[in-house]
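The next block holds one structure in the form of structure tokens; read it before the comments.
Both ligands and their constituent atoms are indexed starting at 1 by order of listing.
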Amino acid sequence: MTKKSFADGVRAGHRLQRALLGGEYSAETRAARTRRMNCWIYFVLFILTAVSVVIIIVTYSTRPANKLKTTLAGRKYDWPATCDQRLQWWQTGIIYQIYPRSFQDSNGDGVGDLRGIMQRLDHLKFIGVQTVWLSPVYKSPMKDFGYDVSDYYQIDPLFGNLRDFDAMLKAMGEKDIKLVMDFVPNHTSDLNQWFIDSVNRENGKDDWYMWADPKANSVLPANESYPNNWISVFSGSMWNYNTKRSQFYLHQFLKEQPDLNYTNPEVVQASYDVISFWLNKGVDGFRIDAIKHVFENPLLPDEVRNPNFKPGEPPYSSLIHNETTDYPPLHQLCKDWRKVIDKFSTSQKPRFAVGEAYNPIREIMKYYGTNGDEFHFPFNFFLLTLGDFTGTGVNKTVEDWMSHAPRCGWPNWVVGNHDNNRISKRRGNAYVRAVNAINLLLPGTPTTYYGEEINMQHVDIDLSEAKDPFALQNPDIYKTVGRDPERTPMQWNRSANAGFTNAGVKPWLPVASDYQTRNVAAQRADTHSDLWWYRSLANLRSSHDSFKYPGYQAIKATKDVFAFLRFHRTDTYNYLVVTNLGQKTSVDLSAVSDAGDIVLSSTFKRVGTVGLAAIDLDVGEVLVFRINK
Ligand code: GLC
């Protein structure tokens, strides 16, 4: 600014002052007017400030408070102080089931393999999985796709060899991923040398399997004179005639899966040897297959008919299996296996055992053992098999498990596996995010079947293309019992065969037709995808003690809504999980707190602090709120 223009500015200022103060008044009058004007200004400022303060007070006092109410009623479950507070990997991590034929093919034969799994470990890290349960990879004629083992000490050439196995285990170790093997004790393949020897009564193996003479006084030819009426799980008699021994052998599953005889101590020892071999290699534990089928009533009485049997159900369901399942001394054997496993456990490398049994609640709880001396937990299939998947149904299922589990019995949940339809088929696509949320956010260990993180679909497979023996043995009801639809190749990307195997190769089961849009690569690129939802859930559960420890309280169960609270004394906050398993609805959860901060939203759209008196929920929507203590 120049000097001239500065002087001009001062003169203009004086002119303005004169105009405002009423022209050429005396200095005193001007001072009085100035004071009066200042008073007005202060008065207006005071009023404005007062109004603002009132507005702020009113806003804050009427805004719902985010604080857990002390009046919250309902039964709480907590991890007792007398149980071990140092949680192990099998308690905090997610178990991810890999069906090896279908995960990743590395050698272009259309079947997945161990080297393939190695290539995909980063995916497991991305979704926050710490444990792999691998369905059987032992040498097998594959009549039941590995659940018919011909050599427990070898890897089937389809999957690789022992060197590949060691390499895979090492690669997993480097990424801090645990490996749980599938152990199939109930039966072997009929091509197992043990069975061949038993048929030939050689090498002391005469009694290694369950042999029985044809029924006495039968008018039928010997090979039709079945010892009793027992029906195998996959249909047909549980007995198969062997001409060499002129005897029947028992098979609870396929006739190519003869049952071992665990009343023979040599068989028990052989099972210890198998377990020890793999534990020595460094595996972290076992999923023990078809456990309830291991013993049968030695008197071989007929089983009674099931009065509730309905046509269209598998023939196995027509009998009540009191003579062939959960038969003593089953639990003693489980305890003995556990002792073998425990011998390999150290504080640096604790080992783990989980048992597979579809049983009523009281029966299943026995597998925890007395004082935890059987399995670390038996698989909990009740969410998987639940018919009434409503808020009330799910709540009751959770309550059942929590209330029946023994003290220090660690809870767990399974929502999919290779023997059951995919979540999308059972619950509908709209609810897959909710099912994954329930699985990952309930107290205890979740198990996820491969592909559920991207919501893989049930793939209808025509009988002419069916591979599963359960389907092939039951052509009339193959759509209900067939297990191929949930075993199709993992969808990695939009390239030919979904990146599962090379282009031009025919995968062992067809790739789902939606693979170009539904695949891991596409979902990784979309932060609002099912994959990212799964990852966020995994991340949440591994970041807070409220989810690691089993503190749990059911909050609301209606036809639509299932809501629960998670907490732990060491955590700064509580978490309220709200799921809608029904239709569009609104729910009042103000009994918990007046407001909550949204930390996860299944639509990825909702954020901020919201009042809990009227939470609007879309079909299948999930919200997780952080609640102050
Ligand atoms: C278990 C397996 C199933 C198999 C059966 C016989 O139930 O999960 O796939 O067919 O045992 O081994």
Check your understanding: Of all the heavy atoms in Q252, does at least one lie under 4.0 Å from an atom in ligand 1?
Key ->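 In this structure, Q252 fails to qualify as a contact of ligand 1 - no heavy atom is under 4.0 Å.
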Practice item. Look at ligand 1 and say whether F234 reaches it with a heavy atom at a distance under 4.0 Å. Key: yes
What protein heavy atom sits nearest [atom], and how far away is it?
| atom | answer |
| --- | --- |
| atom 12 (O) of ligand 1 | H187 NE2, 2.9 Å |
| atom 9 (O) of ligand 1 | D419 OD1, 2.8 Å |
| atom 5 (C) of ligand 1 | F253 CE2, 3.8 Å |
| atom 1 (C) of ligand 1 | D289 OD1, 2.7 Å |
| atom 7 (O) of ligand 1 | E356 OE2, 2.9 Å |
| atom 10 (O) of ligand 1 | D144 OD2, 2.6 Å |

If we count only N and O atoms by modelled type, under 3.5 Å, do the side chains of [X] and [Y] hold a donor and an acceptor together?
| X | Y | result |
| --- | --- | --- |
| H376 | Q88 | no |
| N420 | Y358 | yes |
| Q257 | D144 | yes |
| Q119 | S106 | no |

Exercise for review: Not counting sequence neighbours, which residues clear ring pair (Phe, Tyr, Trp, His ring centres under 6.0 Å) with F377? List them please.
Suggested key: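 Ring pair (Phe, Tyr, Trp, His ring centres under 6.0 Å) list for F377, sorted by chain: F352.
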Check your understanding: Which atoms of ligand 1 sit under 4.0 Å from any heavy atom of R483?
Key ->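 Here the atoms of ligand 1 in question are 3 (C), 4 (C), 9 (O), 10 (O).
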Point to revise | Location of contacts on R287 toward ligand 1, heavy atoms closer than 4.0 Å | key: side chain
Check your understanding: In this structure, are over 12 heavy atoms from other groups packed under 6.0 Å from K205 atom NZ?
Key ->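 Counting neighbours around NZ of K205, more than 12 heavy atoms of other residues, nucleotides or ligands fall under 6.0 Å, so yes.
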Exercise for review: Could you pull out all residues at least two apart from R427 that satisfy salt bridge (Lys or Arg N to Asp or Glu O under 4.0 Å)?
Suggested key: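 Here no residue qualifies.
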